[in-house]
Amino acid sequence: MTTAAGRPLAARGLAVLAGLAGWACSDGTGPGPGPPPPPPPPEPVAFELAANTVLSGLDQPVFLTAPPGDPRLFVVEKTGRIRVADAGGQLLGTPFLDLSGQVGTASEGGLLTMAFHPRYAENGRVFVYYTDTDDDTVVERYTLSGDPGQLDAGSAKPILTLTQRRTNHNGGMLQFGPDGMLYIFLGDEGGAGDPFGNGQNAGTLHGSILRIDVDGGDPYAIPDDNPYVGQEGGRGEIWAIGVRNPWRSTFDPEGDVLYVADVGQNEIEEINAVPAGAAGVNYGWNTMEGSTCFQSSGCDMSGLTLPVHEYGHGGGACSVTGGYVYRGSRLAEIVGHYFYSDFCTGFLRSFRLDGGQATDERSWDVGSLGAVSSFGVDGSGELYVVDIAGSVARLERRQP
């Protein structure tokens, strides 16, 4: 059908509709192009970390911790003191504990770590790990005095003493597990290459991870489900064997994983990650160094647990310093990342564990962190880096 002018009626209708659409989008004076499109959103700012110094003037700090919810920081000095920084970041003059006269001075010795009892708020108990003036390993318990800023030096309760024939490879970590047991991470007694054959010997406590019940006996009880209980030639305290010098380990309850950073001999630094409840793990030393047969072109790896991550000594690296999985609230971008460093290079690296594999590996541009002796976590779950030269830095979001 057509109009008198000969234009198809359908075409004329489309033209009218187009005009009405233009009018609706104009400023009311007639057809117009309408408003301009909104500008594109800005590019997201890349997330970067910074390590900002929060404490300085410490004497060879080697560890940092705090009870959950406590705003203070507790810093272990290798020379024998536990220092306290208040909620404002000021170091207090009176130490939490002073063992200066009791600790050894060997290069890998001294006061090495501390652990608050899971019920510290109720019982005031704190456990410490040090090498004494004979270079033997000592684990002791202390109890809070009437002053909440000081332990009672007279309350010392010996838990474990272990004779050491060399002054290195002292291990040096205490950690309460999700099961409430105390885990003690011991080195292989020192020397190079495990000369005493302790790494693969379940009949000695050296070169192993212990699991004891400090609430069930005096000075402790051995849990019935430890893997060597009742086994001929095995020590019931042992939870795992095959470590050389585990330097900083941690349980991540949210991931149900135990991370163990083990210092290598000459070539490989390793980080292990196993289910928290896995009993009887053999981490491989000295059959293995990392995932490589040690001083051999071939070896029997059956029954051994290999690391989830390792790195070599290129670029000056020398000794892994294990850290923690970040579970704080200030840095959502790195939740679930396990952080670690190296004592000689002071890098900052991380990875996530997914299906038992290290994924999303990152190297963070924070410059050298110094001689990193430890990481630490405060009462709110935030992450710190300890430099044995005397300072502590907190990981924070880098401002643009």
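Note that the structure is predicted; figures quoted are calculated from it, not measured.
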- Should F47 and L49 be marked as a side-chain contact (heavy atoms from CB on, under 4.5 Å) after you check the CA-CA gap, both sets of side-chain angles, and the distance that decides it? CA-CA 7 Å; F47 174 78; L49 280 173; 3.7 Å; yes

- Query: Does any N or O in the side chain of S208 come within less than 3.5 Å of the main-chain N or O of L205, such that one atom is a donor and the other an acceptor?
  - Reply: yes

- Message: Looking at every non-hydrogen atom in both residues, tell me the closest pair between I238 and N226 and how far apart they are.
- Response: O-CB, 4.1 Å

- Just do the side-chain contact (heavy atoms from CB on, under 4.5 Å) check on M173 and T113 with the steps written out, would you? CA-CA 6 Å; M173 190 70 180; T113 196; 4.1 Å; yes

- Task: Indicate yes or no: does E289 engage R244 in a salt bridge with an N to O separation below 4.0 Å.
- Result: no

- Close side-chain approach of I159 to I212, heavy-atom, < 4.5 Å: yes

- Task: Given side-chain hydrogen bond (donor to acceptor under 3.5 Å, both in side chains), test E310 with S291 step by step and report yes or no.
- Result: CA-CA 8 Å; E310 61 185 26; S291 60; 2.8 Å; yes

- Message: If I take atom CG from residue N286 and atom SG from residue C299, how far apart are they, to the nearest 0.5 angstrom?
- Response: 10.0 Å

- Hey, does W239 have a side-chain heavy atom less than 4.5 Å from the side chain of P227? yes

- Message: With a 4.5 Å cut-off on side-chain heavy atoms, are R330 and R394 touching?
- Response: yes

- Message: Centre-to-centre under 6.0 Å for F347 and Y311, is that the case here?
- Response: yes

- Message: Between the side chains of R83 and D59, is the shortest nitrogen-to-carboxylate-oxygen separation below 4.0 Å, so that they form an ion pair?
- Response: no

- Is T359 reaching over with its side chain to a backbone N or O of R352, donor-acceptor style, under 3.5 angstrom? yes

- Query: Taking C-beta and beyond as the side chain, do F343 and V372 meet within less than 4.5 Å on heavy atoms?
  - Reply: no

- Message: Other residues, nucleotides and ligands only: do more than 12 of their heavy atoms fall within 6.0 Å of CD on Q357?
- Response: no

- Message: Within the 3.5 Å criterion, strictly below it, is a donor on Q102 or D132 matched to an acceptor on the partner's side chain?
- Response: no

- Query: Out of curiosity, E189 CD to H206 NE2, how far, rounded to the nearest 0.5 Å?
  - Reply: 3.5 Å

- Message: Measuring only between side-chain heavy atoms, which start at C-beta, is V263 closer than 4.5 Å to E269?
- Response: yes

- Message: Walk me through whether N170 and Y130 qualify under side-chain contact (heavy atoms from CB on, under 4.5 Å).
- Response: CA-CA 9 Å; N170 301 300; Y130 65 91; over 6 Å; no

- Query: Between V274 and V257, is any pair of side-chain heavy atoms under 4.5 Å apart?
  - Reply: no

- Criterion side-chain hydrogen bond (donor to acceptor under 3.5 Å, both in side chains) on N272 and H309, from CA distance to verdict: CA-CA 7 Å; N272 302 274; H309 182 72; over 6 Å; no

- Message: Please report the interatomic distance CZ(R81) to OG1(T94), rounded to the nearest 0.5 Å.
- Response: 10.5 Å

- Is the F127 to F176 ring centre distance short of 6.0 Å? yes

- Message: If we ignore hydrogens and angles and just use 3.5 Å, is the side chain of D134 paired with the main-chain N or O of D136 as donor and acceptor?
- Response: no

- What's the shortest heavy-atom distance between L186 and P246, and which atoms? O-CD, 3.6 Å

- Cut-off 3.5 Å, side chains only: do S145 and D147 have a donor facing an acceptor? no

- Message: Is there a side-chain contact (heavy atoms from CB on, under 4.5 Å) between W285 and T287? Walk through the geometry before answering.
- Response: CA-CA 5 Å; W285 176 253; T287 302; over 6 Å; no

- Item | Verify same cluster id: I209, V281 (apolar side-chain graph, 4.5 Å) | yes

- Query: Is there a path from W364 to L353 through hydrophobic residues (I, L, V, M, F, W, Y) whose side chains come within less than 4.5 Å of each other?
  - Reply: no

- Please name the pair of heavy atoms, one in H337 and one in D360, separated by the smallest distance, quoted to 0.1 Å. NE2-OD2, 3.1 Å

- Query: For residues H169 and Q164, is any side-chain donor paired with an opposing acceptor at under 3.5 Å?
  - Reply: no

- Item | same_hphob_cluster(M114, V75) at 4.5 Å side-chain heavy-atom cutoff | no

- Of V243, I241, D194, which meets side-chain contact (heavy atoms from CB on, under 4.5 Å) against D188? D194

- Compute the ring centroids of Y338 and F351, then answer whether they are less than 6.0 Å apart. yes

- Message: Using a 3.5 Å distance criterion without hydrogens, assess whether the side chain of Y326 forms a donor-acceptor pair with backbone atoms of L331.
- Response: yes

- Does the pair R362 and S350 meet the rule for a side-chain hydrogen bond (donor to acceptor under 3.5 Å, both in side chains), with working shown? CA-CA 5 Å; R362 301 190 192 184; S350 72; 5.4 Å; no

- How many angstroms lie between CG in L210 and CG in L162, if you round to the nearest 0.5 Å? 8.0 Å

- Task: Establish whether L92 and L151 are linked, either directly or via other cluster members, by ILVMFWY side-chain heavy-atom contacts under 4.5 Å.
- Result: yes

- Item | Evaluation steps, side-chain hydrogen bond (donor to acceptor under 3.5 Å, both in side chains), between E108 and N168 | CA-CA 5 Å; E108 294 184 18; N168 61 339; 4.5 Å; no

- Task: Spell out, yes or no, whether L97 and L91 are grouped together once hydrophobic residues are joined by side-chain heavy atoms under 4.5 Å, including indirect joins.
- Result: no

- Any donor and acceptor pair, going by atom type alone, linking the side chain of R166 with main-chain N or O of A192 inside 3.5 Å? no

- Query: In terms of heavy-atom contacts, does CG of D224 have more than 12 from other residues, nucleotides or ligands at under 6.0 Å?
  - Reply: no

- So, K157 and D218, do they make that salt bridge, N to O below 4.0 Å? yes

- Shortest non-hydrogen contact between V335 and R327, atoms and distance: CG1-NH1, 3.9 Å

- Query: Taking all non-hydrogen atoms of both residues, which atom of E382 and which atom of G328 are closest, and how far apart?
  - Reply: OE2-CA, 3.6 Å

- Message: If you define the side chain from C-beta out and look only at heavy atoms, does anything of L144 sit under 4.5 Å from D152?
- Response: no

- Residue among F185, Y183, Y259 satisfying ring pair (Phe, Tyr, Trp, His ring centres under 6.0 Å) with F251: Y183

- Message: Side chains of L174 and I184, heavy atoms from C-beta outward: is any pair under 4.5 Å?
- Response: yes

- Is the closest side-chain donor-acceptor distance between N282 and Q200 under 3.5 Å? yes

- Message: Rounded at 0.5 Å granularity, tell me how far OG in S374 sits from CG in D387.
- Response: 11.5 Å

- Message: What's the separation between atom CG in L395 and atom CG in N52, rounded to the nearest 0.5 Å?
- Response: 9.0 Å

- Task: Measure centre to centre between the rings of F74 and F116, then say whether the value is under 6.0 Å.
- Result: yes

- Can you see which heavy atom on F375 is nearest to which on T321, and at what distance? CE1-O, 3.8 Å

- Query: Would R165 count as a cation-pi partner of F196, with NZ or CZ less than 6.0 Å from the six-membered ring centre and within 45° of the ring normal?
  - Reply: yes

